[in-house]
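We name chains A, B, ... by the order of the sequence lines, and we start the count at 1 in each one.
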There are 2 protein chains.
Amino acid sequence: MSTQYCGLVSQTDLGRIVSLCGWVARRRDHGGVIFIDLRDREGVVQVVCDPDHLAHFEIAESVRNEYCVQVRGAVRARPAGSENAELASGQIEVLCESLTILNPSSPPPFLLDDDSLSENTRLTHRVFDLRRPRMQHNLRLRHRVVMEARRYLDQAGFIEIETPVLTKSTPEGARDYLVPSRVHPGSFFALPQSPQLFKQMLMVAGFDRYYQITKCFRDEDLRADRQPEFTQIDCEMSFLNENEIRALFEAMVSTLFKNVLGVRLNEPFPVLRYSEALHRFGTDKPDLRIKLELTELSDAVKDVDFKVFSGPANQTGGRVAALRIPQGGALSRGEIDGYTEFVRLYGAQGLAWVKVIDSAKRREGLQSPIVKNLHDAALAAILERTGAQNGDLIFFGADRAKVVNHSLGALRLKIGQSEFSVAHGLCETGWQPLWVIDFPMFEYDEETARWSACHHPFTSPKDEHLEQLESDPGRCLAKAYDLVLNGWELGGGSVRIHREDVQREVFSAMNISADEAQQKFGFLLNALQYGAPPHGGIAFGLDRIVAMMVGADSIRDVIAFPKTQRAQCLLTQAPSQVDERQLRELHLRVRQ
Amino acid sequence: MSTQYCGLVSQTDLGRIVSLCGWVARRRDHGGVIFIDLRDREGVVQVVCDPDHLAHFEIAESVRNEYCVQVRGAVRARPAGSENAELASGQIEVLCESLTILNPSSPPPFLLDDDSLSENTRLTHRVFDLRRPRMQHNLRLRHRVVMEARRYLDQAGFIEIETPVLTKSTPEGARDYLVPSRVHPGSFFALPQSPQLFKQMLMVAGFDRYYQITKCFRDEDLRADRQPEFTQIDCEMSFLNENEIRALFEAMVSTLFKNVLGVRLNEPFPVLRYSEALHRFGTDKPDLRIKLELTELSDAVKDVDFKVFSGPANQTGGRVAALRIPQGGALSRGEIDGYTEFVRLYGAQGLAWVKVIDSAKRREGLQSPIVKNLHDAALAAILERTGAQNGDLIFFGADRAKVVNHSLGALRLKIGQSEFSVAHGLCETGWQPLWVIDFPMFEYDEETARWSACHHPFTSPKDEHLEQLESDPGRCLAKAYDLVLNGWELGGGSVRIHREDVQREVFSAMNISADEAQQKFGFLLNALQYGAPPHGGIAFGLDRIVAMMVGADSIRDVIAFPKTQRAQCLLTQAPSQVDERQLRELHLRVRQ
């Protein structure tokens with residue numbers, strides 16, 4: 001029905017008769033001549049309907065926005081002065097000889113270039129919303145990312161293998177979506193939170209290198225960047241160590257950015273230990289574009305009078321740290337108060353600060369409510385370690401380390417993304433990837449009084465920490481790694497446990513009894529008995545990668561049919577009521 | 001840890017020191033020297049452990065089948081006479097200088113080359129079963145099929161777009177798998193039976209060409225070739241007519257066979273109308289390798305005494321047909337009795353037959369229990385139309401057309417696959433694809449006394465049948481097409497309805513009220529209002545394609561972790577009981 005895409009008609013087609021199919025993006029009547037901007041996925045072309053050339057001109061008069069039409073006509077140069085440099089087809093137009101309405105359109109629910117719509121409106125009319133050039137671009141870029149990833153992995157010898165969607169519920173980590181079984185009354189499948197155990201079993205089965213770009217499911221309360229179903233680039237390989245795995249996927253991410261965005265990431269990516277990341281940035285996913293760092297002060301303020309500092313400094317698990325803001329002296333008292341409110345959201349009791357007016361004058365050159373409570377040595381340490389210059393502002397956090405990291409880490413990000421930061425060059429643009437490694441194996445859950453896995457319970461401890469699994473689980477580090485880009489975790493993985501005895505020890509450290517382990521993970525423990533190879537893997541959040549690449553605020557803008565934060569599809573109205581007959585077949589009753 | 005794959009070590013590596021990781025496939029002790037067949041995904045290499053060269057020879061003595069080991073050693077030529085021409089690595093061996101046990105193995109549950117195992121045993125120990133070279137081959141070929149399909153579609157301008165897995169239940173066709181919503185008590189998602197409506201909405205959204213290789217779900221009682229979750233190559237495109245769509249996918253299938261199997265399919269594929277397929281082969285998915293055809297006799301036996309023939313011949317919807325078996329006279333009475341029993345499975349009351357001893361003698365030259373009841377004109381028509389030769393056997397079916405087609409179609413297949421058929425050249429080898437087109441729009445369901453869609457209710461009627469939607473739905477043909485290969489339906493699709501009024505008429509012809517249509521398919525009807533483009537698509541059964549390519553009896557042999565016919569995973573024991581807490585969160589109770 002068409003000879004080419006509207007958006008691709010160009011000067012090379014001059015004089016040619018073309019057939020085009022598309023949608024009426026805009027229709028103007030100019031002195032008896034009708035101009036139609038005809039749109040398809042590749043862009044827009046101008047169609048001229050002149051009653052002298054078009055037999056059934058009344059058709060042109062009857063078309064409205066979003067009508068689907070077919071046009072036949074000759075390509076000619078636009079009259080001098082009417083070219084549009086912003087369009088690929090801006091030098092030409094099509095003189096319409098025949099116009100067919102393929103399908104009329106009701107008046108559209110909104111204009112495609114209306115940027116003020118609520119997300120509810122957009123999701124309710126998603127089919128129409130997807131016609132926006134922005135959404136077309138996002139989903140096509142997503143396709144290219146996926147194709148490039150597949151190409152890279154295929155060339156690296158990875159085999160795509162599908163794992164089950166209907167699988168077993170193992171209430172670990174997040175909440176499962178369940179699927180009732182009709183054939184087995186009272187039994188349920190679960191949708192996979194990830195193909196973790198299946199991919200490990202594929203390694204035991206000897207496939208050596210596996211990948212899958214696949215949906216994962218978590219029934220969690222949703223935040224801006226979460227969806228009930230999301231897509232992972234999921235990989236696993238045998239006989240490679242942690243460094244080799246990281247190198248392979250560092251190259252993959254670089255290839256994606258190069259081939260899709262034309263961006264060269266700086267290789268090798270920096271590698272930061274988890275402990276160092278927390279110390280310097282207060283987070284395990286630092287945004288390295290922001291040129292601000294935390295400074296350790298705990299040892300320097302142990303004996304100051306100021307209890308707000310000396311308390312945490314002397315407490316196990318406490319921390320005192322500073323965040324220097326170069327030229328931050330320019331921040332107003334109101335702005336500082338705002339930041340004080342801000343850190344309260346992260347559990348901080350307050351936000352001590354010092355403005356450095358003239359560091360040569362020592363104490364007298366500092367403006368601050370707290371200096372009077374700090375002795376000279378502490379002040380000297382603060383100035384020296386932070387490297388403070390005249391005009392700087394120093395913020396302080398003092399609390400349990402978790403609170404200090406959380407609040408100063410958030411403050412660093414908040415200030416780093418502020419206009420002040422941009423104006424003072426504290427924040428670079430571009431892409432700054434890094435690896436974070438050496439995560440702890442376990443974290444202590446105060447509520448359940450149990451150690452739980454930081455990554456997941458199939459992550460291998462570092463060889464030198466194997467002995468401490470039982471005696472001191474809190475000290476065990478894991479062969480785990482995250483890939484972080486501009487403050488977002490793009491992917492994470494680990495070397496896995498391939499020895500059955502070690503896997504049992506890790507379960508035991510987490511207070512999972514042998515019986516429970518057998519019942520939940522018996523198939524894994526069984527598989528590990530048959531010469532399981534050393535193996536490890538990684539999973540990338542595809543939605544997140546694409547959202548970053550296109551600069552979308554939410555992953556909903558890179559998913560064709562996303563759910564709302566109430567886990568609903570506004571387009572189809574899912575979830576919905578079902579027939580009583582369906583429930584009976586599934587042996588279920590709804591609780592009233 | 002390794003320099004290359006075991007199975008790829010070859011003469012080009014002679015003299016080189018290699019590191020290899022793999023599994024002990026076999027271990028023999030020959031005069032104090034231990035030979036290990038080391039296996040990985042690429043094949044096997046022979047490793048020689050000679051106490052003169054291997055310091056810790058006791059390690060070699062301790063390894064057993066399926067141990068995972070690492071070997072370092074020099075590649076050398078095998079001693080003359082001990083080469084193995086069947087192995088890629090058959091000319092060489094590796095003289096082991098260092099041997100490390102990466103992981104020992106318990107005694108394996110079975111031998112990998114044991115071909116007598118029950119499927120239950122194989123699925124219970126699936127991880128181990130997947131180490132079989134056959135299964136490795138199947139899943140790797142599946143990967144290649146998928147990569148080739150993606151490459152083809154990508155080059156043809158198709159965009160891969162993911163559609164939701166958690167979607168809306170529309171109890172049409174097969175039974176849905178349901179997923180209870182936690183956030184919306186009493187509401188359920190459904191797993192998609194196919195992305196049909198989403199892909200149509202992507203066309204309305206203007207993506208022009210969509211594809212996805214995706215899981216689909218049907219909660220049906222399973223047959224040999226069905227799984228609760230199966231994979232489709234799912235495609236949709238705008239502005240192409242039926243012929244153009246078929247041409248595009250004919251080329252895709254040909255490309256897959258050429259690039260994966262090195263097989264050239266004969267193009268263009270034959271195209272058969274549905275009615276012709278039923279008339280000639282009794283089925284809409286004929287296996288064209290079988291050189292047997294049905295012959296129409298209804299008009300020729302209307303006035304014979306034999307009520308078994310004249311009854312159906314005079315009845316609306318009745319049919320009398322013959323199936324000639326060249327040289328079938330050689331079949332014994334016992335074999336004929338066997339076939340008579342066989343057709344009863346398909347609803348036939350019996351199986352009349354005629355052996356042609358000497359056709360020149362007319363009636364006297366025929367051996368048959370029924371000829372005495374047939375007049376000369378009928379006999380002449382039978383002999384002439386079937387083209388019977390001396391020595392042939394003719395079977396007859398007479399009943400409602402459905403029963404005749406079903407039973408003679410099955411008999412054709414049964415005989416066509418028999419040894420007799422092979423011996424007499426009635427069955428060719430190779431690949432014989434065809435298109436079946438012009439399916440009916442509707443079929444009448446006696447039970448519900450309603451017309452239901454043969455394909456699905458979104459299929460477009462032929463333009464010339466639009467007028468009959470209401471007056472005579474049984475006569476309407478659809479713009480639907482199936483791709484059939486060697487008797488299997490590989491894929492099927494249709495041009496869709498893109499006009500809202502036509503869609504409403506089709507719903508109405510199926511006795512779906514306007515209210516019901518709005519409630520179930522409102523989002524589609526709504527989307528069709530906004531200039532929906534003419535569009536159509538197709539979906540291929542990936543599991544089936546791969547199973548055919550590798551010659552597997554069941555699609556379970558091309559799926560890594562399939563379910564049994566009782567819809568269970570024997571490896572993980574899914575489905576399983578879940579915690580009462582999980583059910584409470586989902587507002588559900590199990591019926592006792």
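- Of the two parts of B/Glu220, only the backbone, made up of N, CA, C and O, holds a non-hydrogen atom closer than 4.5 Å to a non-hydrogen atom of chain A.
- Nearest heavy atom pair, residue A/His143 against residue B/Ile159, reads CB-CG2, 3.7 Å.
- B/Arg41 approaches A/Phe207 most closely through the heavy-atom pair NH1-O, 3.0 Å.
- Proximity to chain A is limited to the side chain of B/Met147, based on heavy atoms less than 4.5 angstrom apart.
- Applying the side chain to side chain contact (heavy atoms under 4.5 Å, CB included) rule to B/Pro192 yields the partners B/Val165, B/Thr167, B/Phe217; only residues at least two apart in sequence or on another chain are considered.
- Contact count versus chain A (heavy atoms, under 4.5 Å) is highest, among B/Met1, B/Arg589, B/Lys168, for B/Arg589.
- A donor-acceptor pair is defined here as one N or O able to donate and one able to accept, closer than 3.5 Å; no such pair exists between the side chain of B/Trp23 and the backbone of A/Gly206.
- No side-chain N or O of A/Tyr530 forms a donor-acceptor pair with one of B/Asn103 less than 3.5 Å apart.
- The pair B/Asp221-A/Arg182 counts as a salt bridge, with a side-chain nitrogen and a carboxylate oxygen less than 4.0 angstrom apart.
- Using a 4.5 Å cut-off between heavy atoms, B/Arg126 does not touch chain A at all.
- At a threshold of 4.5 Å between non-hydrogen side-chain atoms, the residues B/Val578 and A/Asp176 do not count as touching.
- Taking all atoms of both residues into account, the shortest heavy-atom contact from B/Val590 to A/Gly186 is CG1-CA, 3.8 Å.
- Contact of B/Pro104 with chain A is made through the backbone alone, with heavy-atom distances under 4.5 Å.
- Exactly one residue among A/Arg142, A/Arg150, A/Arg140, A/Arg144 makes a salt bridge (charged side-chain N to carboxylate O under 4.0 Å, His left out) with B/Glu160. That residue is A/Arg150.
- Judged by distance alone, the side chains of A/Gln529 and B/Ser105 never bring a donor and an acceptor atom under 3.5 Å apart.
- Looking at B/Val146, only its side chain comes within 4.5 Å of chain A, counting heavy atoms on both sides.
- Here the CG-CD distance, from B/Asp208 to A/Glu42, works out to 8.0 Å after rounding to the nearest 0.5 Å.
- Contact annotation for B/Leu588: both backbone and side-chain heavy atoms come within less than 4.5 Å of a heavy atom of chain A.
- Classification of the A/Tyr177-B/Phe189 ring pair by plane angle, with boundaries at 30° and 60°, yields perpendicular.
- No part of B/Tyr210 comes within reach of chain A, as not one of its non-hydrogen atoms sits under 4.5 angstrom from that chain.
- Qualifying salt bridge (charged side-chain N to carboxylate O under 4.0 Å, His left out) partners for B/Glu229, counting only residues two or more places apart in sequence or in other chains: B/Lys215, B/Lys563.
- Only the side chain of B/His184 comes within less than 4.5 Å of a heavy atom in chain A; its backbone stays farther off.
- Only the side chain of B/Glu585 comes within contact range of chain A, with heavy atoms under 4.5 Å apart.
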